[in-house]
**Q** 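Okay, handing you the structure first.
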Amino acid sequence: MEKAPAKINLSLDVLHKRDDGYHDVEMVMTTIDLSDRIELQQLSKDEIQIALESRYVPSDERNLAYQAAKLFKKTYQIPNGVRIQIEKNIPVSAGLAGGSTDAAAVLRGLNRLFHVNAPLKDLAKLGSNLGADVAFCVYGKTAIAKGFGDQIEMLPSPPNCWVITARPDIGVSTRTIFERIELQHLQHPDTKKVLEALQKRDFYQICISLGNALEDITFALHPEVNRIKNAMLQAGADGAMMSGSGPTVFGLVQHFSKAQRIYNSMRGFCEDVQLVRILG
Ligand code: ATP
């Protein structure tokens with residue numbers, strides 16, 4: 001079994017648009033204890049099967065886990081097939097990298113299953129062909145991703161704390177948000193301050209340094225995301241921010257009893273609220 005944890009962004013900045021149309025980003029990310037579970041089984045025939053029960057995720061070649069297996073098989077010339085069973089716990093199109101972490105887990109899992117022993121660096125490079133968050137998800141833990149998300153530098157983990165995620169019942173397409181970027185109007189986060197806070201393992205500095213250049217764009221399209229962020233802070237979260245391109249908002253809290261109170265109060269605002277540990 002391969003665990004595929006969700007990520008949250010401690011910062012997300014968009015630096016500029018490249019000639020190929022993609023944006024160069026700078027994202028500090030960490031993993032949380034909200035995971036999909038991936039079981040891999042070798043098949044003698046050359047076939048990739050996906051088994052999952054989800055109304056929102058396709059179980060054919062559109063699934064990122066399928067694409068990861070196809071790419072892995074081709075790159076390392078694996079003649080066998082594989083059955084991939086996905087227990088989906090991470091909400092879909094939520095800004096928590098659900099698809100990317102499944103793809104990354106498939107790369108790690110197949111690497112073991114077929115005794116390829118490729119270093120994580122190679123798997124991350126492979127994964128970056130599938131999506132901007134896959135390289136990070138191959139490593140997990142805490143890291144800064146630059147370029148198209150493909151350049152990864154590991155960072156110290158944040159101090160232990162609790163994470164409350166709250167997701168309104170809307171899907172936000174990352175592409176739609178990126179298409180609306182007007183670079184001159186972005187509110188850039190202070191990434192350096194986040195890095196400093198992580199180096200010092202200073203929880204409160206992390207909380208006040210959180211920043212996401214995409215928040216204003218998503219807030220303009222979906223004001224309820226902004227309302228959830230305000231509610232999270234009003235309920236007493238030490239820090240709160242939208243993850244990725246949204247719509248999930250997360251709150252960071254150091255003490256469990258307070259985290260529980262915030263969790264209960266956020267459940268009045270939206271249906272999908274979770275209280276989990278940071279993994280980092
Ligand atoms: P990110 O934070 O990386 O932008 P996200 O959390 O916003 O990602 P995902 O949950 O990865 O978004 O889903 C985005 C799209 O990818 C959905 O349309 C979904 O159908 C598709 N998809 C393909 N494979 C998967 C998978 N294994 N799990 C979830 N979504 C998948």
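The structure presented is a predicted model; accordingly, all values stated were derived computationally and were not measured. As the structure lists them, so they are numbered: ligands from 1, and atoms in each ligand from 1.
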**Q** Using atom types as modelled and distance alone, determine if a side-chain donor or acceptor of D202 lies under 3.5 Å from a backbone N or O of Q205.
**A**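 Yes, because the side chain of D202 sits within donor-acceptor range (under 3.5 Å) of the backbone of Q205.
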**Q** K146 side chain to E26 main-chain N or O, any donor-acceptor pair under 3.5 Å?
**A**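 It does not hold such a pair.
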**Q** If the threshold is 4.0 Å, N to carboxylate O, is there a salt bridge linking D33 and R277?
**A**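 Result for this pair is no, no salt bridge flagged.
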**Q** Got the closest protein heavy atom to atom 28 (N) of ligand 1, with its distance?
**A**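 Protein heavy atom at minimum distance: K88 NZ, 3.0 Å.
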**Q** Assess the side chains of D216 and Q187: does a donor N or O sit below 3.5 Å from an acceptor N or O?
**A**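 No.
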**Q** Is there a donor-acceptor pair closer than 3.5 Å between any side-chain N or O of N9 and the backbone N or O of M27?
**A**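 Not at all, since once roles are kept as given, no pair shorter than 3.5 Å links the two residues.
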**Q** So is A97 polar-close to ligand 1, meaning N/O to N/O under 3.5 Å?
**A**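 Between A97 and ligand 1 (N or O atoms, distance only) the closest approach is under 3.5 Å.
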**Q** So, N212 side chain and S11 main chain: donor-acceptor pair closer than 3.5 Å or not?
**A**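 Such a contact is absent between N212 side chain and S11 backbone.
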**Q** Enumerate the residue pairs fulfilling side-chain hydrogen bond (donor to acceptor under 3.5 Å, both in side chains) with a member in residues 104-121, sequence neighbours excluded, ordered by first and then second residue.
**A**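 Qualifying pairs, neighbours excluded: E2-R108, E2-R112.
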**Q** Measure A132 to ligand 1 on non-hydrogen atoms and call it side chain, backbone, both or neither using the 4.0 Å cut-off.
**A**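 No part of A132 is near ligand 1 at this cut-off.
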**Q** Report the part of L96 (side chain from C-beta onward, or backbone N, CA, C, O) that has a heavy atom under 4.0 Å from ligand 1; answer both or neither where that applies.
**A**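 The answer is the backbone of L96.
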**Q** Any donor and acceptor pair, going by atom type alone, linking the side chain of T142 with main-chain N or O of T30 inside 3.5 Å?
**A**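 Such a contact is absent between T142 side chain and T30 backbone.
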**Q** Output a table of donor-acceptor pairs, distance under 3.5 Å, between side-chain atoms of residues 122-138 and any protein atom two or more places apart or on a different chain; print 'none' if there are none.
**A**
{"residue": "S128", "atom": "OG", "partner": "K125", "partner atom": "O", "Å": "2.7"}
{"residue": "N129", "atom": "ND2", "partner": "L126", "partner atom": "O", "Å": "3.0"}

**Q** Any idea which atoms of ligand 1 are less than 4.0 Å away from a heavy-atom of R62?
**A**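 Every atom of ligand 1 under 4.0 Å from some heavy atom of R62: 23 (C).
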**Q** State whether the side chain of R201 and the backbone N or O of S157 hold a donor-acceptor pair below 3.5 Å, judged by distance alone.
**A**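 Indeed, once roles are kept as given, a pair shorter than 3.5 Å links the two residues.
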**Q** Polar contacts were defined as any N/O atom of the residue lying under 3.5 Å from an N/O atom of the ligand; does this apply to V92 and ligand 1?
**A**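 So ligand 1 has no N or O lying under 3.5 Å from an N or O of V92.
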**Q** For atom 3 (O) of ligand 1, what's the nearest protein heavy atom and its distance?
**A**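 Nearest neighbour among protein heavy atoms for atom 3 (O) of ligand 1, to 0.1 Å: D133 OD2, 2.5 Å.
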**Q** What I want to know is whether V57 and ligand 1 share at least one N or O pair that is separated by under 3.5 angstrom.
**A**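 It does not: no N or O of V57 is found under 3.5 Å from an N or O of ligand 1.
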**Q** Which residue holds the protein heavy atom closest to atom 20 (O) of ligand 1, what is that atom called, and what is the gap in Å?
**A**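 Going atom by atom, the protein heavy atom closest to atom 20 (O) of ligand 1 ends up being Y56 O, 3.4 Å.
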**Q** Just to be sure I'm reading this right: ignoring hydrogens, which of I177, L64, T101 gets closest to atom 24 (N) of ligand 1? Compare them by their nearest heavy atoms.
**A**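 Minimum heavy-atom distance to atom 24 (N) of ligand 1 goes to L64.
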**Q** May I ask you to check whether G99 has an N/O atom sitting below 3.5 Å from an N/O atom of ligand 1?
**A**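 Yes: some nitrogen or oxygen of G99 is under 3.5 Å from one in ligand 1.
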**Q** Answer with yes or no whether S245 contacts ligand 1, where contact means a heavy atom under 4.0 Å from a ligand atom.
**A**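 Checking ligand 1 against S245, which is what was asked, there is no heavy-atom contact under 4.0 Å.
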**Q** Show me which atoms of ligand 1 lie under 4.0 Å from any heavy atom of A94.
**A**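 Answer for ligand 1: 5 (P), 6 (O), 7 (O).
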**Q** Which atoms of ligand 1 are found less than 4.0 Å from any heavy atom of S100?
**A**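 Listed by number with element: 3 (O).
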**Q** Below 4.0 Å, non-hydrogen atoms only: which portion of K7 touches ligand 1? Side chain, backbone, both or neither.
**A**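 Looking at K7 and ligand 1, just side chain atoms fall under 4.0 Å.
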**Q** Protein heavy atoms: any of them under 4.0 Å from atom 16 (O) of ligand 1?
**A**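 Protein heavy atoms within 4.0 Å of atom 16 (O) of ligand 1 - there are none.
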**Q** Could you find the nearest protein heavy atom to atom 4 (O) of ligand 1 and give me its residue, atom name and distance?
**A**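 Ranking protein heavy atoms by distance from atom 4 (O) of ligand 1, first comes T174 OG1, 3.1 Å.
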**Q** Note the single closest protein heavy atom to atom 7 (O) of ligand 1, along with its residue, its atom name and the distance in Å.
**A**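 The closest one turns out to be G95 N, 3.0 Å.
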**Q** Got a salt bridge between D190 and K192, using NZ or NE/NH1/NH2 to carboxylate O under 4.0 Å?
**A**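 Not counted as a salt bridge, because no side-chain N and carboxylate O are separated by less than 4.0 Å.
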**Q** Taking the minimum heavy-atom distance to atom 12 (O) of ligand 1, which of S93, P91, A68 ranks first?
**A**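 It is S93 whose heavy atom sits nearest to atom 12 (O) of ligand 1.
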**Q** Could you verify whether a donor N or O on one side chain and an acceptor N or O on the other, from T165 and T248, lie under 3.5 Å apart?
**A**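 No donor-acceptor contact under 3.5 Å links the two side chains.
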**Q** For atom 21 (C) of ligand 1, what's the nearest protein heavy atom and its distance?
**A**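 Among all protein heavy atoms, the one nearest atom 21 (C) of ligand 1 is P58 CD, 4.8 Å.
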**Q** Roughly how far, to the nearest 0.5 Å, is the NZ atom of K88 from the CD1 atom of I38?
**A**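 These two atoms lie 7.0 Å from each other.
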**Q** Can an N or O of D102 be found at a distance shorter than 3.5 Å from an N or O of ligand 1?
**A**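 Right, the criterion is met.
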